[in-house]
Number of protein chains: 2
Amino acid sequence: MSPNTSSAAALKRAHAACAARGLAFTPIRQRVLQLLLEHEKGLKAYDLLALIKAEQPGATPPTVYRALDFLTEHHLAHKIERNATFVACTQAGHATPSLFLVCPQCGAVTELQDKSVMQALCRSLAAAGHRLDDPEVEIAAICPDCRAS
Amino acid sequence: MSPNTSSAAALKRAHAACAARGLAFTPIRQRVLQLLLEHEKGLKAYDLLALIKAEQPGATPPTVYRALDFLTEHHLAHKIERNATFVACTQAGHATPSLFLVCPQCGAVTELQDKSVMQALCRSLAAAGHRLDDPEVEIAAICPDCRAS
DNA sequence: GACATGGATGTGATGTTATAACATCGCGCT
DNA sequence: AGCGCGATGTTATAACATCACATCCATGTC
């Protein structure tokens, strides 16, 4: 499957998800998601803004932040807090909580699903009286490519 | 043990650790650590700056960022990426990797040590070809106080 | 058709977080 | 004294994010 194909498929899924939930998947929102899908390592808000501006000169920070708010709110994209970057969500429905492995060298983000780890985590939290809130956990981990070098 | 006492003890430990490693624990660095110790929920860099400025009017952003860099580099404080806040390290030597539970409601930070969770995490990462880099993992979890309300 | 409503977007300014770049100080060393 | 070097001072700016208010436009209602 070429990157292009999977990106198109993801966009289609997003379309369907919005339709099903009565959400307005407007051109700006689509375009932002598409750009995120095309950039596997994620994009910073202002890089995204620059890309959008090339097509739509009137774009300003709120233009992209609003789209990003929409996408993250509806789980079509994630914000990597560590780097202030945004990535498209690659897991279809990502019903289960995700681990995000962020490579501190190159910035690559890998979305990992590991039920047993998450369970262990939740048990540990519960023992401390806490309750997991945001099921998106970021972890700094050297990626295989950077490990090699 | 009163907060004051433990804060003083932590400062003393930091002093000793710096002496042992030949690091300059300068007045600014001490003061910043002390302020972090006095504010359990952590401080933002610019709030810290305001506090420092009250005592030392010439202080500027680099003044505090340098002190914070020093403290985090030498594991005397941690940066909570999620909130861009800084907290003093409360674990004596924190030889083992830590989980930081960050309450998204109130911002409280709890440092948790759970070997088994970390092991599970490392196993999972290794299976994906990654290697844990920064042993400080942040997790959003509602704290007991906020859970109650 | 007129018109209210509410979400989406446009627009300009501002707030917040962090670093760059270069000067200076002060201390230990020879 | 003169040097080297880490810490600090100082000015400016980069990078990330939000506020506030105006406007547009699709939809429902009378």
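A, B, ... follow the sequence lines: proteins, then strands. Residue 1 opens every chain.
Between the CZ atom in Arg31(A) and the CG atom in Leu48(A) there is a gap of 9.5 Å [rounded to 0.5 Å]. In this structure, Ile28(A) CD1 and Leu33(A) CG are separated by 13.5 Å, a value rounded to the nearest 0.5 Å. One distance of note links CG of Leu11(A) with CG of Leu36(A); it measures 10.0 Å at 0.5 Å rounding.
Stacking is found between Tyr46(B) and the pyrimidine-like six-membered ring of the dT17(C) base under the 5.5 Å centre-distance and 30° plane-angle cut-offs.
Here dT16(C) presents its P atom at 16 Å from CG of Leu48(B), a figure rounded to the nearest Å. Rounded to whole Å, atom C1' of dA7(D) lies 12 Å from atom NE2 of His74(B). Summarising the geometry, the separation between CZ on Arg31(B) and P on dT8(D) is reported as 15 Å, rounded to the nearest angstrom. Summarising the geometry, the separation between CD1 on Ile52(B) and P on dT8(D) is reported as 11 Å, rounded to the nearest angstrom. When rounded to the nearest whole Å, the span between CG of Leu49(B) and P of dG15(C) equals 16 Å. Rounding to whole angstrom units, CD1 of residue Ile80(B) and P of dA18(C) are separated by 12 Å. Residue Asp69(A) contributes atom CG, which lies 10 Å from atom P of dC19(D) at whole-angstrom precision. Between the P atom of dT19(C) and the CG atom of Asn83(A) lies a distance of 13 Å, rounded to the nearest Å.
Put simply, Lys44(A) has no side-chain N or O that comes within less than 4.0 Å of OP1 or OP2 on dA15(D). For Tyr65(B), a side-chain nitrogen or oxygen approaches OP1 or OP2 of dA18(C) to under 4.0 Å. At dA17(D), one or more side-chain N or O atoms of Lys79(A) fall inside 4.0 Å of OP1 or OP2 (strictly under the cut-off).
Looking at every heavy atom in both residues, Pro144(A) comes nearest to Gly129(B) through CG-O, 3.4 Å.
Panel note: side chain Glu138(B), backbone Arg82(B); a donor-acceptor pair is recorded below 3.5 Å.
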Contact state string [nucleotides 6-12 of chain C, B base, S sugar-phosphate only, - no protein heavy atom under 4.0 Å]: --SBBBB

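Evaluation of the ring pair (Phe, Tyr, Trp, His ring centres under 6.0 Å) test over residues 16-40 of chain A, restricted to residues two or more places apart or in two chains, returns His15(A)-Phe25(A).
Clustering of Ile, Leu, Val, Met, Phe, Trp and Tyr by side-chain heavy atoms under 4.5 Å joins Leu125(B) with Leu99(A), Leu101(A), Leu112(A), Val117(A), Met118(A), Leu121(A), Leu125(A), Leu132(A), Val137(A), Ile139(A), Leu99(B), Leu101(B), Leu112(B), Val117(B), Met118(B), Leu121(B), Leu132(B), Val137(B), Ile139(B).
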